[in-house]
Each structure stands twice: as C-alpha cells, then as structure tokens.
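First the proteins, then the strands, lettered A, B, ... as listed; each starts at 1.
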Number of protein chains: 2
Amino acid sequence: MHIQSTFRAQTVPASNLLAGMQPAAVTLYPADAVIYAEGDAAGPLYVVEFGTVRICRVTADGRRQITGFLTAGDAFGFEAGAEHDSYAESVDGAGVRVLRATGGQEPTGAVLHMALKSLARTQHQLMLLGCKSANVRIAAFLFDLSERQGDDRPVHLAMQRNDIADYLGMTFETVSRALRFLKDERIIRLKTIADIEILDRGALESLCE
Amino acid sequence: MHIQSTFRAQTVPASNLLAGMQPAAVTLYPADAVIYAEGDAAGPLYVVEFGTVRICRVTADGRRQITGFLTAGDAFGFEAGAEHDSYAESVDGAGVRVLRATGGQEPTGAVLHMALKSLARTQHQLMLLGCKSANVRIAAFLFDLSERQGDDRPVHLAMQRNDIADYLGMTFETVSRALRFLKDERIIRLKTIADIEILDRGALESLCE
DNA sequence: CGACCTGTTGATTCTGCTCAATCAACGTGG
DNA sequence: CCACGTTGATTGAGCAGAATCAACAGGTCG
C-alpha cells in the first residue's frame with residue numbers, strides 16, 4: 001500500500017506498525033501501575049493488547065484531567081516534545097506492547113494515522129467538555145464505550161467513577177447522579193456497579209447527537 | 001537530519017514541508033471566509049502565512065466549539081478520516097498556503113511533528129475545559145496568546161468575544177466578565193477593545209499554572 | 001468482625017448561563 | 001449633518017446546574 005497524493009489517513013492494521021521495528025514482548029501492568037511518568041523521556045510508542053490504559057495530566061492545584069482511555073489496539077505515547085507531559089497508567093491490569101523504531105528511519109504513515117486518530121478523539125472530547133451538560137457527557141461516554149466494545153452485550157466500565165469524572169471534567173458525585181438520571185429515564189440498567197445494560201439505544205444516541 | 005530510533009518529534013522548520021510538494025501560492029481569505037467546510041474531502045494540508053484561522057465544529061443543537069486558533073506558521077487540515085469533520089474559517093483576513101503531497105510518497109516526519117503539535121495543543125485546551133474556572137481560562141488564553149505573539153507589546157485579540165467564548169466553552173458575557181475581573185485585579189489593561197496590555201505577567205501566569 | 005474503600009444520596013453553596021437593558025462604534029441614507 | 005439601524009461589548013438580575021460538604025450503604029479484605 002502506498003499513499004497517493006494526500007495526507008489523509010489510510011486504514012492500516014496496527015500490526016503493520018511492527019514492520020521495521022524491533023519486536024517486543026507484552027508487558028502486564030497491574031491496576032494503577034505507571035507505564036510512563038510525566039517528565040520521562042519520550043520515544044517509544046505503546047500499543048494496548050488487552051485491558052484499559054488512562055492518559056492523565058495534573059494541574060498545579062492537584063486536579064487531574066484524563067485525556068484518554070485506551071483499549072486493545074489503541075496506540076499511545078505520542079509526544080510533540082522531548083519528554084512526556086502526560087503520564088500513562090494501567091486502569092485494570094493492562095497488557096502493553098512497546099514499539100521502538102529501528103534507527104535512522106522515517107516514521108511510517110501508519111504512525112501518522114494513529115496520531116491523527118488520537119487527535120480526532122481528543123477533539124471529540126473537547127466538544128463534550130465545551131458544549132455538553134453532565135448528563136449528556138455521561139450518555140456520550142457510554143455510547144462511545146458501547147461502540148468500542150462492539151456487540152450489544154452490557155457495557156463494561158473498566159474504570160471507576162473517579163476516573164470517569166476526571167475524564168469528563170466533573171465530580172464523581174455528578175457521575176453518580178447522571179447515571180441515576182439515565183436509569184430513571186429507563187435508558188440504562190446497572191446490572192452490576194461496572195456493567196451497564198443499554199435499554200434504549202435510540203434515546204441514548206439522541207441525547208448525544 | 002534523520003530520526004534516530006524514536007518517534008519523538010524533531011524540530012523542523014515548516015518550510016521543510018515544502019520539500020517534495022508542489023509549490024502553491026498564498027490565498028487570502030477575508031474575514032469569516034470558509035477555507036474548508038465540514039464534509040469536504042480531506043487531503044491537502046494548509047499553512048497559515050499571516051492572520052488567524054479558526055477550526056470549528058457544531059453540535060446538533062447549534063452550539064459551536066472552536067478547537068483551535070491558528071496563526072502564522074501553524075498547519076491545519078489534518079484529518080483521520082476521508083473527509084473533514086471540522087470546518088476552517090478565516091478570522092480576520094488570513095493568508096493560507098495549500099500543500100498537496102506529490103503522488104505516491106510517504107508523509108515526512110515533519111508532517112507527523114505538526115500533527116503532534118496539534119495534539120499537544122488540543123490536550124492543553126482539554127485541561128482548561130476540564131479543570132479550570134472561567135477567569136482562569138481567560139487568563140490562560142491571554143497568556144498563551146502573549147507567548148505566541150512573542151514580544152511584550154500589548155496582546156492583540158484578532159477574534160471577537162464570541163469566538164473566545166466558543167473556544168473556551170463559555171458565553172461571551174462570561175468572557176466579558178472575566179476580562180473585567182482581570183482588569184479590576186490590575187493584571188491587564190484594555191488599551192482598545194482588541195488590544196490588551198499585560199500589567200502583571202507574574203500574576204497572570206500564577207493564575208494559569 | 002472492624003477498617004476501609006467505593007459508590008450513592010441529600011443539603012447547601014456558588015459559578016456561570018439566560019434573559020435583558022444599555023452603550024459605543026460604525027455605516028447608511030435622507 | 002443628523003436620525004436610524006446594526007453589530008459587538010458591557011453590565012445587571014435571576015436562575016439552574018454542578019461543586020462542595022456531609023452522611024450513609026455496600027462490598028472487600030485484613
């Protein structure tokens with residue numbers, strides 16, 4: 001495959017990233033383990049094999065913003081500067097493969113594509129934080145999770161309320177209340193504390209739009 | 001210059017982008033002119049030569065989120081998919097150069113670098129929207145503008161209150177009140193409606209932190 | 001069993017939005 | 001030149017949504 005006269009992204013399976021890179025084993029990070037810290041030298045790319053990873057940043061006053069949750073197939077570790085200004089942690093026990101480019105070669109289009117996917121996701125999140133109410137943010141979050149997890153089985157929340165709150169720019173109490181709102185509206189059902197069944201997908205989607 | 005065993009960004013002047021690309025003239029877009037619309041086919045990259053460009057997205061309920069303001073040297077038009085899901089407009093009369101990659105070639109590391117810069121900026125904005133109050137957002141916005149414009153002459157606001165509001169996820173009334181707050185605190189002074197003198201840079205910075 | 005952690009719920013406070021009035025700057029046409 | 005309309009900015013009053021503070025429930029683990 002070659003890129004024809006455009007910077008548009010091309011669909012490349014993540015495995016193609018491995019071309020021209022040193023193979024690496026999958027590392028298992030237990031829950032809350034740090035994958036890289038803020039200030040660490042940037043360089044390698046990471047690919048999630050299983051589990052969930054969160055990318056975080058903290059402000060001077062101690063507040064945390066989670067800029068992304070990553071699951072199987074997602075890449076992370078991109079950095080514009082020489083060192084990470086975010087940090088990455090395992091949420092629930094995650095398997096991560098490290099990719100180091102072999103010396104003296106240009107990054108491939110596949111890397112660019114994954115960076116652009118990150119950008120698109122971050123912009124989507126920006127819309128949520130800029131324009132939407134708490135209930136709508138939660139609805140959109142669940143909808144997104146549901147789409148990522150694919151099938152129509154209950155959505156599994158690998159992260160806890162606290163994480164969701166820091167991802168969506170609100171408090172965990174508000175997360176709780178928003179879930180309750182969706183429950184009262186008969187849009188979702190909490191099978192367990194971490195497994196949510198979507199009863200009315202249409203209503204959920206129309207909330208997000 | 002070559003990239004050694006890393007995906008870390010390298011510092012490449014934007015002009016290097018031109019290597020391997022068709023030269024193109026600068027197009028002048030008058031204020032509020034559309035550079036590309038939502039749904040347009042993605043492909044070419046754009047570089048701002050002078051003036052200011054805004055990247056926007058609208059929600060179903062008509063709210064607008066500005067995901068970025070771009071000034072001289074900034075590139076935009078990256079897209080993960082086949083078509084733009086944002087649209088770009090000139091803010092104040094902007095000169096824009098279009099870059100089309102020549103056929104059958106991989107994007108260079110410079111393109112990746114610019115995409116990563118976009119990503120970093122978007123993540124920074126995410127911090128603002130997720131963690132900061134209205135006053136702090138405005139302070140950070142002014143501080144950012146001031147750094148981008150370089151010298152210590154008054155900061156020029158190319159965009160109007162409405163745009164700032166949609167960029168920072170608030171209403172234009174709140175923008176007005178936040179500016180008034182900074183004025184009352186003797187941190188800034190409004191030389192004109194669009195030119196702001198920073199009286200106390202330390203206070204401004206410590207507000208953002 | 002008690003300690004602890006996570007999550008839920010309630011009461012209160014406060015930030016920022018909505019609605020609305022006012023003002024200044026500007027352009028147009030009589 | 002002035003009356004008028006328009007547009008952007010500022011300011012005020014009242015309100016709504018989310019944060020904060022606090023109490024409590026349920027589960028897990030020592």
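Relative to the side chain of A:R161, the nucleotides C:dG16, D:dG8, C:dT8 differ in distance, and C:dT8 lies closest. Comparing C:dT8, C:dG7, D:dA9 against the side chain of B:S176 picks out D:dA9 as the nearest.
For B:R180 and D:dT11, the shortest distance from a side-chain N or O to OP1 or OP2 is below 4.0 Å. Phosphate proximity of D:dA19 to A:T171: present, with a side-chain N or O under 4.0 Å from OP1 or OP2. Taking only side-chain nitrogens and oxygens, B:T174 comes nearer than 4.0 Å to OP1 or OP2 of C:dC17.
With hydrogens and angles left out, the side-chain atoms of B:R54 and B:T67 include no donor and acceptor closer than 3.5 Å. Under 3.5 Å, the side chains of A:E79 and A:H84 contain a donor-acceptor pair of N or O atoms. A side-chain donor-acceptor contact under 3.5 Å links B:H156 and B:D195. For the 3.5 Å distance criterion, the side chains of B:N135 and B:S133 fail to qualify, holding no donor opposite an acceptor.
Whole-Å rounding puts the B:N162 CG to D:dA9 P distance at 8 Å. Protein atom CG of B:D92 is 15 Å distant from nucleotide atom P of D:dG8, rounded to whole Å. Here the P atom of nucleotide D:dT7 and the CG atom of B:D163 are 16 Å apart, to the nearest Å. Counting to the nearest Å, the P atom of D:dA19 and the NZ atom of B:K132 are 16 Å from each other. For the pair A:F181 CZ and C:dT9 P, the interatomic distance rounds to 15 Å; values are reported in whole Å. For the pair B:M170 CE and C:dC14 C1', the computed distance is 17 Å after rounding to whole Å. Here the P atom of nucleotide C:dT15 and the CG atom of B:L168 are 18 Å apart, to the nearest Å. Look at CG on B:D32: it is 12 Å from P on D:dT7, rounded to the nearest Å.
The residue A:L190 sits close only to the backbone: its heavy atoms come under 4.0 Å of sugar-phosphate atoms, none of a base. No engagement by A:L157 is indicated, since no non-hydrogen atom pair under 4.0 Å with the nucleic acid exists.
The base of D:dT20 sits with one of its N or O atoms less than 3.5 Å from a complementary donor or acceptor on the side chain of A:R177.
For the pair A:E173 and B:M159, nearest-nucleotide mapping onto DNA chain D gives the more 5' position to B:M159.
Residues A:I35 and A:F76 meet the side-chain proximity criterion, which asks for heavy atoms closer than 4.5 Å.
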